[in-house]
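Here is the structure we will look at.
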Number of protein chains: 2
Amino acid sequence: MTKKPTALEARQEIEKRLQEAGIQPTAQRIAIAQYVLTDADHPTADDIKTWADQNFPKMSLATVYNTLKILVQSGILREFKLPHSDRVIYDTNLSHHFHFLDEKTGALHDIPPEELEIKPRNSKNWDIRQVHVVLVGRK
Amino acid sequence: MTKKPTALEARQEIEKRLQEAGIQPTAQRIAIAQYVLTDADHPTADDIKTWADQNFPKMSLATVYNTLKILVQSGILREFKLPHSDRVIYDTNLSHHFHFLDEKTGALHDIPPEELEIKPRNSKNWDIRQVHVVLVGRK
DNA sequence: CTCTTAATTTAGAATTATTCTAATATTAGA
DNA sequence: TCTAATATTAGAATAATTCTAAATTAAGAG
Ligand SMILES: [Mn+2]
Ligand SMILES: [Mn+2]
Ligand SMILES: [Zn+2]
Ligand SMILES: [Zn+2]
């Protein structure tokens, strides 16, 4: 049984992850990474800015975008847009998965790949690199 | 064997379709609808504006957007965005289908539903209203 | 420590897709 | 032919994101 990490331990863990990815762990980057990786769920840049405004002395919107770009480039985050929205969504779930968008609440839920079977039939022998699936409905 | 419709017949066909949908068939609307419904393939608003600039005496960008909105509202078109782009794509294929995005060319191809089996092993009994699938890769 | 340089952050301007506004033009139909 | 409703238009406004160039901070050599 592993103990729940203290706030300090969590911060150090994040810091190590940034280091390992070759990212200088500045205060802003640690804060954003911590929020995105441990608290947020499919946040947008605006979600992160809002959080930062309440939990960090001062952070510019440019830094939010800069940091997110770095995290995406180094493979710590993924980004995508939903078919009906124009905001980028950041996803910490790097493993292959799909999404369910609750029409009512706007909440976005992960669907593990084993819950949705996707089989190309008349196998056209395409080289498929990404499979984006968004189910929209209500629970 | 049905004859290929003349340009005039095609235009009248479009006009009738607008009428039936309760849309006043103005010159601009007929032109846009004709292009989108018979020539274009998954166009963006910008594609349509570019076409109009070359094939219609004068059309404002606002009219392009206004008309597209009307066509979507009346169910003649569908709209969506791809996960990596920020432009709306208009689709005349109203039947349930999926998309394949060719990474190399940027071309978007329809995938008929029978070519892709999507089975929710859904113990969760969700009410799914829309299924968006975009495969990204190369042919 | 203390410079010096490189990296990061920042405010605000720029960009892009889209929507809005309010004036003008066109249409329908009495 | 008039009138009212509808459609079109140019350009301003908006929203998400990126860019710019200056200020701040961090790293590392001495
Ligand atoms: Mn959100
Ligand atoms: Mn296009
Ligand atoms: Zn996810
Ligand atoms: Zn399509």
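Letters A, B, ... mirror the listed sequences (proteins, then strands); counts begin at 1.
- Within the 4.0 Å cut-off from OP1 or OP2 of D:dA16, not a single side-chain nitrogen or oxygen of A:Lys49 is found.
- Using a cutoff of 4.0 Å between basic side-chain nitrogens and carboxylate oxygens, A:Glu114 and B:Arg121 are not scored as salt-bridged.
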Practice task
Would you give a per-nucleotide map of nucleotides 13-30 of chain C, 5' to 3', where B means the base has a protein non-hydrogen atom under 4.0 Å away, S means only the sugar-phosphate does, and - means neither?
Solution key: ----SBBB----------
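- For A:Glu13, the side chain to side chain contact (heavy atoms under 4.5 Å, CB included) partners at least two apart in sequence or on another chain are A:Lys16.
- Note that CZ of A:Arg138 and CZ of A:Phe100 are 9.0 Å apart. Values are rounded to the nearest 0.5 Å.
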Please table the atom pairs, donor to acceptor, closer than 3.5 Å between any side-chain atom in residues 22-39 of chain B and protein atoms at least two apart or in another chain.
residue : atom : partner : partner atom : Å
B:Thr26 : OG1  : B:Arg29 : N            : 3.3
B:Arg29 : NH1  : B:Gln24 : O            : 3.1
B:Thr38 : OG1  : B:Gln34 : O            : 2.8

N/O donor-acceptor pairs under 3.5 Å from side chains in residues 104-113 of chain B, not counting sequence neighbours:
residue  : atom : partner  : partner atom : Å
B:Thr105 : OG1  : B:Ala107 : N            : 3.0
B:Asp110 : OD1  : B:His42  : NE2          : 2.9
B:Asp110 : OD1  : B:His97  : NE2          : 3.0
B:Asp110 : OD1  : B:His99  : NE2          : 3.1
B:Asp110 : OD2  : B:Asn93  : ND2          : 2.8

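- Contacts classified as ring-ring contact (aromatic ring centres under 6.0 Å, His included) and involving residues 4-29 of chain A (residues at least two apart or in different chains) are not found.
- Following rounding to the nearest Å, A:Gln28 (CD) and D:dA23 (P) show an atom-to-atom distance of 18 Å.
- When the side-chain nitrogen and oxygen atoms of A:Ser60 are compared with OP1 and OP2 of C:dT9, none of them lie within a distance under 4.0 Å.
- DNA chain C lies under 4.0 Å from no heavy atom of any residue of residues 99-110 of chain A.
- For the atom pair CD1 (A:Ile48) and CG (A:Leu61), the distance works out to 10.5 Å, reported to the nearest 0.5 Å.
- A:Leu68 has its CG atom 15 Å from the C1' atom of C:dT8, to the nearest Å.
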Exercise for the section: Check the pair B:Tyr90, B:Leu71 against side-chain contact (heavy atoms from CB on, under 4.5 Å), reporting the backbone distance first and the verdict last. Expected result: CA-CA 10 Å; B:Tyr90 295 89; B:Leu71 294 175; over 6 Å; no
